[in-house]
Chemist: 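Have a look at this one.
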Amino acid sequence: MEIIRGKTPLVIEATALAARQTVYSHTLIDLGTGDGRFAEAFARQQPDWFVIGIDACRENLQVRSRAKLPNVVYLIANALELPAEWSGLADRITINFPWGSLLGGLLGGYPALLDGLLALGRSGAGLEIRLNAGALAEAGWDLEPGAAAIGAVLAANGFHARGMQALGAAGLKAFPSTWSRRLAFGRDPRALVLRAKLPNYPRE
Ligand SMILES: C[S@@+](CC[C@H](N)C(=O)[O-])C[C@H]1O[C@@H](n2cnc3c(N)ncnc32)[C@H](O)[C@@H]1O
């Protein structure tokens, strides 16, 4: 797998990543991490968590991945083609304000994405998906029906729904991601968070 620090890509074996991870009590994976701001903020606030930020776009990560925090790494990967060896890593998975193929994969129930999410998480891991109206509109959906469609995809794939909550402009401002701040001050600050839990293993 490819880890990034500034402009320097390095290859790291899954076993080496797992060895780093064992020092920490929990692991968060932030999929579609963008510039990694949320991953970094979470790692600072929760030093007993190991945080893995993943994005398909290496340019997004070049600045923040230089940070020297010991408990955060950034990996380059397409969420729709997650490597099979990345399994059972996460206690919690976040997908904040997805767009493009990540959002399309959630809406369309793309099997490689859903299987990848199920594989990434540990038994009963939490999943949080923050969705914004503008990205869903570009994909042809209104906010609530789009979120409901993703909820239905998750349920059909064995995730347990844990509810949906509106995020107003104040909620967006308070959330430490670059995209959240941008949305909070933009034309359409409508967003919500969809929460679910991965199945308990062995599979119920
Ligand atoms: C609107 S940005 C949100 C970034 C960040 N989560 C935030 O809140 O600031 C969406 C991100 O999803 C990433 N993305 C889109 N499709 C992806 C895919 N198939 N695999 C991985 N990342 C993807 C993009 O590269 C982009 O960084």
Side-chain angles (χ1 to χ4, degrees), residues 1-4 7 9 28-45 49 51-65 67 72-84 86 89-90 92-121 126-141 143 146-147 150 153-154 165-195:
M1 66 184 74
E2 190 180 328
I3 192 168
I4 182 159
K7 289 193 173 170
L28 168 80
I29 293 189
D30 186 39
L31 206 51
T33 198
D35 66 0
R37 179 174 178 175
F38 168 74
E40 185 182 308
F42 191 96
R44 270 189 209 288
Q45 279 166 13
W49 281 67
V51 182
I52 305 174
I54 300 175
D55 205 281
C57 177
R58 73 185 59 244
E59 287 75 25
N60 287 348
L61 284 167
Q62 279 175 357
V63 174
R64 210 164 292 274
S65 64
V72 60
V73 294
Y74 296 102
L75 305 176
I76 306 298
N78 181 349
L80 276 58
E81 296 170 6
L82 292 170
W86 296 7
L89 289 177
R92 190 166 156 191
I93 302 171
T94 47
I95 305 178
N96 295 320
F97 312 109
W99 66 16
S101 60
L102 184 50
L103 180 58
L106 289 169
L107 285 164
Y110 191 71
L113 173 61
L114 275 301
D115 290 348
L117 287 175
L118 288 168
L120 270 186
L127 172 67
E128 285 169 28
I129 305 177
R130 290 179 177 76
L131 298 162
N132 66 288
L136 278 165
E138 273 178 32
W141 289 85
L143 179 61
I150 292 174
V153 162
L154 295 176
Q165 190 188 338
L167 284 174
L172 286 170
K173 263 181 226 161
F175 189 74
S177 95
T178 295
W179 206 253
S180 187
R181 301 283 163 93
R182 198 173 291 183
L183 292 169
F185 294 100
R187 265 184 305 146
D188 189 356
R190 288 177 304 136
L192 54 76
V193 54
L194 189 61
R195 293 195 172 88

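In each ligand, atom 1 is the first atom listed, and ligand 1 is the first ligand listed. This structure is a prediction, so every number in the text was calculated from the model and none was measured. Starting from 1, each residue takes its place in the sequence as its number.
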Chemist: Could you list, one pair per line, each nitrogen or oxygen of ligand 1 together with any protein nitrogen or oxygen closer than 3.5 Å, giving atom names and the distance rounded to 0.1 Å?
Modeler:
{"unit_1": "ligand 1", "atom_1": "6 (N)", "unit_2": "Gly32", "atom_2": "O", "d": "2.8"}
{"unit_1": "ligand 1", "atom_1": "6 (N)", "unit_2": "Asn96", "atom_2": "O", "d": "2.9"}
{"unit_1": "ligand 1", "atom_1": "8 (O)", "unit_2": "Ser177", "atom_2": "OG", "d": "2.6"}
{"unit_1": "ligand 1", "atom_1": "9 (O)", "unit_2": "Ser177", "atom_2": "OG", "d": "3.4"}
{"unit_1": "ligand 1", "atom_1": "9 (O)", "unit_2": "Trp179", "atom_2": "N", "d": "2.9"}
{"unit_1": "ligand 1", "atom_1": "16 (N)", "unit_2": "Ser101", "atom_2": "OG", "d": "3.4"}
{"unit_1": "ligand 1", "atom_1": "16 (N)", "unit_2": "Leu102", "atom_2": "N", "d": "3.4"}
{"unit_1": "ligand 1", "atom_1": "19 (N)", "unit_2": "Asn78", "atom_2": "OD1", "d": "2.8"}
{"unit_1": "ligand 1", "atom_1": "19 (N)", "unit_2": "Ser101", "atom_2": "OG", "d": "2.9"}
{"unit_1": "ligand 1", "atom_1": "20 (N)", "unit_2": "Ala79", "atom_2": "N", "d": "2.8"}
{"unit_1": "ligand 1", "atom_1": "22 (N)", "unit_2": "Ala56", "atom_2": "N", "d": "3.3"}
{"unit_1": "ligand 1", "atom_1": "25 (O)", "unit_2": "Asp55", "atom_2": "OD1", "d": "2.6"}
{"unit_1": "ligand 1", "atom_1": "27 (O)", "unit_2": "Asp55", "atom_2": "OD1", "d": "3.4"}
{"unit_1": "ligand 1", "atom_1": "27 (O)", "unit_2": "Asp55", "atom_2": "OD2", "d": "2.8"}
{"unit_1": "ligand 1", "atom_1": "27 (O)", "unit_2": "Asn60", "atom_2": "ND2", "d": "2.9"}

Chemist: When you measure from the side chain of Asp55 to the backbone N and O of Gly34, does any donor-acceptor pair fall under 3.5 Å?
Modeler: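 Yes.
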
Chemist: Do you know which of Ile150, Leu103, Ile93, Leu102 makes side-chain contact (heavy atoms from CB on, under 4.5 Å) with Ile129?
Modeler: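 Checked Ile150, Leu103, Ile93, Leu102 against Ile129; only one passes side-chain contact (heavy atoms from CB on, under 4.5 Å): Ile150.
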
Chemist: Donor-acceptor pair, distance only, cut-off 3.5 Å: does the side chain of Ser180 make one with the backbone of Leu172?
Modeler: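 Looks like yes, one N/O pair under 3.5 Å.
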
Chemist: In the structure I gave you, are the side-chain heavy atoms of Arg58 and Tyr74 within less than 4.5 Å of one another anywhere?
Modeler: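 Side chain of Arg58 against side chain of Tyr74, heavy atoms only: no contact under 4.5 Å found.
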
Chemist: Could you label the plane-to-plane angle of the Phe38 and Phe175 rings as parallel, tilted or perpendicular, counting under 30° as parallel and over 60° as perpendicular?
Modeler: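 Judged by the thresholds at 30° and 60°, the geometry between Phe38 and Phe175 is parallel.
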
Chemist: Can you find a heavy atom in the side chain of Trp99 that is under 4.5 Å from one in the side chain of Glu138?
Modeler: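 They are not in side-chain contact.
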
